[in-house]
Novice: 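One structure coming up, written as structure tokens, with questions to follow.
Residue numbers run from 1 in the order of the sequence given. Predicted model, so just to flag it, every value in this text is computed and none were measured.
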Amino acid sequence: MKWRVACIQTNIDFGEPEKNIKQMEWKVKETMETVQPDVLLMPELWTTGYDLTRLHDIGDENGKKSQTFFSTWARQYQVNIIGGSIAKKTNNGIYNTMYVADRSGSIIHEYSKLHLFQLMDEHLYLAAGERDSLFSLEGETCAGFICYDIRFPEWIRKHTVHGAKALFVVAEWPSSRLSHWRLLLQARAIENQCYVIACNRIGSDPNNDFPGHSLIIDPWGNIVQEGSDQEEVVSAEIDLTKVDSVRKTIPVFSDRRVEIYERDLDVKKKF
């Protein structure tokens, strides 16, 4: 299976969902006319930005509005959409939630960010997700993650041992840790022998600057395409059969020794 993937690397207007949705609608149209991708990605919390203190006012009630425009765009342009993430308001709290829509416009997957990033006060305003992020896209097993999730390799590996060949990452990753962004994403690709497609925003909000540098990385950890620090569409073709080839070359998954990993550690042992 070959896909052309495209990351819409854009600025986000702080706390202005209507403005951001109109801007994204135009960018989706432009991207489909110029790049014609099979899979389209957007950044994290792109409708609101990190205006966390106002999410009760500007968040999306049960994600209904977001599901509607994702479904409409996917069906209109016959494209698979990894919809970044949006602030989903529920009776149990507000979640940082990713939706995936297939070419027919069906919402086929929902994932709420598992790991909340305390340095940006997420734990004060958001509820943590509880479900995995494995899904099937056109018969291929994939997984989606949100920003801070990539610092937890055990969470990523949980999905790749169940067959995920492409990891889709959406983020508002700050400029101060750009080197970590590259290194962590390459490490996740190398250790899991899979594609990593990661969409980050650009611009700034009252507290942070964001560098862009969206990345498309192959199963050997090679950077296939990297964005700049400007608004752009970062695109490349990926070939998922390459995942099978790499996994046969270095059989990491069959060489795992889970029975040892799961043993209790003898913390009293001296060397």
Novice: For residues I250 and W220, determine if any side-chain heavy atom of one lies less than 4.5 Å from a side-chain heavy atom of the other.
Specialist: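 Yes - at least one pair of side-chain heavy atoms lies under 4.5 Å apart.
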
Novice: What pair of heavy atoms forms the shortest contact from A164 to L134, and how long is it?
Specialist: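 In terms of heavy atoms, the two residues are closest at CB-CD1, 4.0 Å.
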
Novice: Name the atoms and distances for all side-chain donor-acceptor pairs under 3.5 Å in residues 167-175, with sequence neighbours left out.
Specialist:
{"residue": "E172", "atom": "OE1", "partner": "R201", "partner atom": "NH1", "Å": "3.1"}
{"residue": "W173", "atom": "NE1", "partner": "R177", "partner atom": "O", "Å": "2.7"}
{"residue": "S175", "atom": "OG", "partner": "D209", "partner atom": "O", "Å": "3.2"}

Novice: First locate atom CH2 of W46, then atom CG of L41, and finally report the distance between them rounded to the nearest 0.5 Å.
Specialist: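 It is 13.0 Å, given to the nearest 0.5 Å.
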
Novice: Can any side-chain N or O of Y77 pair as donor or acceptor with the backbone N or O of N80 at less than 3.5 Å?
Specialist: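 Between the backbone of N80 and the side chain of Y77 there is no qualifying donor-acceptor contact (under 3.5 Å).
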
Novice: Within the 3.5 Å criterion, strictly below it, is a donor on E30 or T34 matched to an acceptor on the partner's side chain?
Specialist: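 No, because no side-chain N or O of E30 sits under 3.5 Å from a partner of the opposite role on T34.
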
Novice: Mind checking what makes ring-ring contact (aromatic ring centres under 6.0 Å, His included) contact with H159, not counting sequence neighbours?
Specialist: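 Testing H159 for ring-ring contact (aromatic ring centres under 6.0 Å, His included), a comparison that skips the adjacent residues, returns F145, W155.
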
Novice: Looking at every non-hydrogen atom in both residues, tell me the closest pair between M42 and V28 and how far apart they are.
Specialist: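 What the structure gives for the nearest pair is CE-CG2, 3.7 Å.
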
Novice: Does either side chain, that of S235 or that of R4, offer a donor lying less than 3.5 Å from an acceptor on the other one?
Specialist: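 R4 and S235 do have a side-chain donor-acceptor pair below 3.5 Å.
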
Novice: Could you walk me through whether K2 and D38 satisfy the salt bridge (charged side-chain N to carboxylate O under 4.0 Å, His left out) test, starting with their C-alpha distance in whole Å, then the side-chain angles of each, then the deciding distance to 0.1 Å, before giving a yes or no?
Specialist: CA-CA 9 Å; K2 292 183 179 180; D38 300 291; over 6 Å; no

Novice: Please check: side-chain N/O of S71 versus main-chain N/O of T68, any donor-acceptor pairing under 3.5 Å?
Specialist: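 Not confirmed, S71 side chain does not pair with T68 backbone.
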
Novice: Between V243 and Q193, is there a side-chain heavy-atom distance shorter than 4.5 Å?
Specialist: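 They are not in side-chain contact.
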
Novice: Give a yes or no on whether the backbone of D149 and the side-chain of H115 come within a donor-acceptor separation of less than 3.5 Å.
Specialist: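 It does not hold such a pair.
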
Novice: Which residue in the set I216, I217, N200 passes side chain to side chain contact (heavy atoms under 4.5 Å, CB included) when paired with L185?
Specialist: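 Testing L185 for a side chain to side chain contact (heavy atoms under 4.5 Å, CB included) against I216, I217, N200 leaves exactly one candidate, I217.
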
Novice: Less than 4.0 angstrom from a charged side-chain N to a carboxylate O is my criterion; do K165 and D244 meet it?
Specialist: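 Yes, charged N to carboxylate O under 4.0 Å.
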
Novice: What are the two closest non-hydrogen atoms of T48 and A87, and how far apart are they?
Specialist: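 Closest approach of T48 to A87: OG1-CB, 4.5 Å.
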
Novice: In the single-linkage hydrophobic clustering (I, L, V, M, F, W, Y; side-chain heavy atoms under 4.5 Å), do I12 and L40 co-cluster?
Specialist: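 Same cluster: I12 reaches L40 through Ile, Leu, Val, Met, Phe, Trp or Tyr contacts under 4.5 Å.
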
Novice: Once rounded to the nearest 0.5 Å, what's the spacing between atom CG of L215 and atom CD of Q186?
Specialist: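 Going from CG on L215 over to CD on Q186, the span is 7.5 Å.
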
Novice: Under a plain distance cut-off of 3.5 Å, with no hydrogens placed, do W3 and E140 share a side-chain donor-acceptor pair?
Specialist: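 The answer is no; no qualifying pair exists.
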
Novice: Salt bridge or not between E25 and K27? Use side-chain N to carboxylate O under 4.0 Å.
Specialist: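 A salt bridge is absent here (no side-chain N lies under 4.0 Å from a carboxylate O).
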
Novice: Give the ring-plane orientation class for Y148 versus F152, where under 30° counts as parallel, over 60° as perpendicular and anything between as tilted.
Specialist: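 Correct class here is perpendicular.
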
Novice: Under 4.5 Å between side-chain heavy atoms, counting indirect links through other Ile/Leu/Val/Met/Phe/Trp/Tyr residues: same cluster for I21 and Y99 or not?
Specialist: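 Shared cluster, yes.
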
Novice: Hydrophobic clusters here meaning ILVMFWY residues chained together by side-chain heavy-atom distances under 4.5 Å, can you tell me if V79 and I82 are in one?
Specialist: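 Different clusters: V79 never reaches I82 through Ile, Leu, Val, Met, Phe, Trp or Tyr contacts under 4.5 Å.
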
Novice: Could you check whether D60 and S66, counting side-chain N and O atoms only, form a donor-acceptor pair closer than 3.5 Å?
Specialist: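 Short answer, yes.
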
Novice: Give the minimum heavy-atom separation between A74 and I81, together with the two atoms involved.
Specialist: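 Nearest heavy atoms, A74 then I81: N-CD1, 3.6 Å.
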
Novice: Any Lys/Arg nitrogen of E61 or K64 sitting under 4.0 Å from an Asp/Glu carboxylate oxygen of the other?
Specialist: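 A salt bridge is absent here (no side-chain N lies under 4.0 Å from a carboxylate O).
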
Novice: Carefully, step by step, assess T160 and E191 under the rule side-chain contact (heavy atoms from CB on, under 4.5 Å).
Specialist: CA-CA 10 Å; T160 54; E191 69 197 7; over 6 Å; no

Novice: Under 3.5 Å, is there a donor on one side chain and an acceptor on the other for N96 and E44?
Specialist: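 Yes, side-chain donor-acceptor contact under 3.5 Å.
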
Novice: With a 4.5 Å cut-off on side-chain heavy-atom distances among I, L, V, M, F, W and Y, is there a chain of contacts connecting F70 to M32?
Specialist: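 Shared cluster, yes.
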
Novice: If you measure only the distance, is there a donor-acceptor pair under 3.5 Å linking the side chains of H109 and S133?
Specialist: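 The criterion, which ignores hydrogens and geometry beyond distance, is satisfied for S133 and H109.
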
Novice: State the CD-OG1 distance between Q23 and T47, to the nearest 0.5 angstrom.
Specialist: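 So the CD of Q23 and the OG1 of T47 are separated by 12.0 Å.
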
Novice: Any side-chain to backbone donor/acceptor pair from N20 onto D13? Under 3.5 Å, distance only.
Specialist: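 Confirmed, N20 side chain pairs with D13 backbone.
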
Novice: For the aromatic rings, using the six-membered ring if either is Trp, is the centroid distance between W73 and F69 under 6.0 Å?
Specialist: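 When the ring centroids of W73 and F69 are compared, they turn out to be within the sub-6.0 Å range.
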
Novice: Could you check whether K65 pairs with E18 (Lys NZ or Arg NE/NH1/NH2 to Asp/Glu carboxylate O, under 4.0 Å)?
Specialist: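 Salt bridge: yes.
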
Novice: Less than 4.5 Å apart, any side-chain heavy atom of E226 and any of S214?
Specialist: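 SC-SC contact between E226 and S214 ruled out.
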
Novice: Taking E232 for the side chain and Q9 for the main chain, is one N or O donor matched with an acceptor at less than 3.5 Å?
Specialist: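 Answer holds: no.
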
Novice: Please list every donor-acceptor pair under 3.5 Å in which a side-chain atom of residues 119-128 meets a protein atom from a residue at least two apart or in another chain.
Specialist:
{"residue": "E122", "atom": "OE1", "partner": "K113", "partner atom": "NZ", "Å": "3.2"}
{"residue": "E122", "atom": "OE1", "partner": "F117", "partner atom": "N", "Å": "2.7"}
{"residue": "E122", "atom": "OE2", "partner": "Y50", "partner atom": "OH", "Å": "2.3"}
{"residue": "E122", "atom": "OE2", "partner": "K113", "partner atom": "NZ", "Å": "2.8"}

Novice: Before you tell me yes or no, could you show the steps for E110 and R131 under salt bridge (charged side-chain N to carboxylate O under 4.0 Å, His left out), namely the whole-Å CA-CA distance, both residues' side-chain angles and the distance that decides it to 0.1 Å?
Specialist: CA-CA 9 Å; E110 175 180 338; R131 296 173 53 191; 5.3 Å; no

Novice: So do the side chains of P219 and C194 get within less than 4.5 Å of each other, counting heavy atoms only?
Specialist: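 No, side chains not in contact.
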
Novice: For the pair S106 (side chain) and D102 (backbone), establish whether a donor and an acceptor sit closer than 3.5 Å, ignoring hydrogens and angles.
Specialist: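 Checking the backbone N and O of D102 against the side chain of S106, no donor-acceptor pair under 3.5 Å is found.
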
Novice: Centre of F253's six-membered ring, under 6.0 Å away, within 45 degrees of the axis: is that where NZ or CZ of R157 sits?
Specialist: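 Output yes; distance and angle both within limits.
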
Novice: Could you walk me through whether N192 and I156 satisfy the side-chain contact (heavy atoms from CB on, under 4.5 Å) test, starting with their C-alpha distance in whole Å, then the side-chain angles of each, then the deciding distance to 0.1 Å, before giving a yes or no?
Specialist: CA-CA 8 Å; N192 291 291; I156 308 295; 3.6 Å; yes

Novice: Is there side-chain contact between P37 and T31, with heavy atoms separated by less than 4.5 Å?
Specialist: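 Yes, close enough: below the 4.5 Å cut-off.
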
Novice: State yes or no: do V224 and M1 share one hydrophobic cluster built from I, L, V, M, F, W and Y residues joined by side-chain heavy-atom distances below 4.5 Å, directly or via other members?
Specialist: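 Yes, same cluster.
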
Novice: Distance alone, cut at 3.5 Å: any donor-acceptor contact between the side chains of T90 and N92?
Specialist: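 N92 and T90 do not have a side-chain donor-acceptor pair below 3.5 Å.
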
Novice: Please assess I197 against I238 for the test side-chain contact (heavy atoms from CB on, under 4.5 Å), listing each intermediate value before the final yes or no.
Specialist: CA-CA 10 Å; I197 304 96; I238 65 172; 4.1 Å; yes

Novice: Looking at G129 and L114, what are the two nearest heavy atoms and their distance?
Specialist: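 So the two residues come closest at O-CD1, 3.1 Å.
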
Novice: Do T141 and H162 have side-chain heavy atoms sitting under 4.5 Å apart?
Specialist: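 When only atoms from C-beta onward are counted, H162 and T141 do not touch, as no gap falls below 4.5 Å.
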
Novice: If we count only N and O atoms by modelled type, under 3.5 Å, do the side chains of S112 and T97 hold a donor and an acceptor together?
Specialist: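 Note: S112 and T97 side chains meet the donor-acceptor criterion.
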
Novice: Quick one: pull up CG in L52 and CG in L45 and give me the separation to the nearest 0.5 Å.
Specialist: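 Output value for this atom pair is 7.5 Å.
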
Novice: Carefully, step by step, assess K89 and L55 under the rule side-chain contact (heavy atoms from CB on, under 4.5 Å).
Specialist: CA-CA 8 Å; K89 293 195 301 183; L55 291 184; 5.9 Å; no

Novice: What closest approach, in Å, do S204 and N11 show between heavy atoms, and which atom pair accounts for it?
Specialist: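 Taking S204 first and N11 second, the nearest heavy atoms are N-OD1, 4.0 Å.
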
Novice: Hey, could you give me the OG/CG distance between S176 and N208, rounded to the nearest 0.5 Å?
Specialist: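 S176 OG to N208 CG: 7.0 Å, rounded to 0.5 Å.
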
Novice: Does the R103 side chain pair with the main chain of Q78, one donor and one acceptor, at a distance under 3.5 Å?
Specialist: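 Side chain of R103 to backbone of Q78, a donor-acceptor pair under 3.5 Å: yes, one is there.
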
Novice: To the nearest 0.5 Å, what is the distance between CG (L183) and CD1 (I150)?
Specialist: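 The CG atom of L183 sits 10.0 Å away from the CD1 atom of I150.
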
Novice: Can you tell me if K242 has over 12 outside heavy atoms packed within less than 6.0 Å of its NZ?
Specialist: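 Result for NZ/K242: enclosed.
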
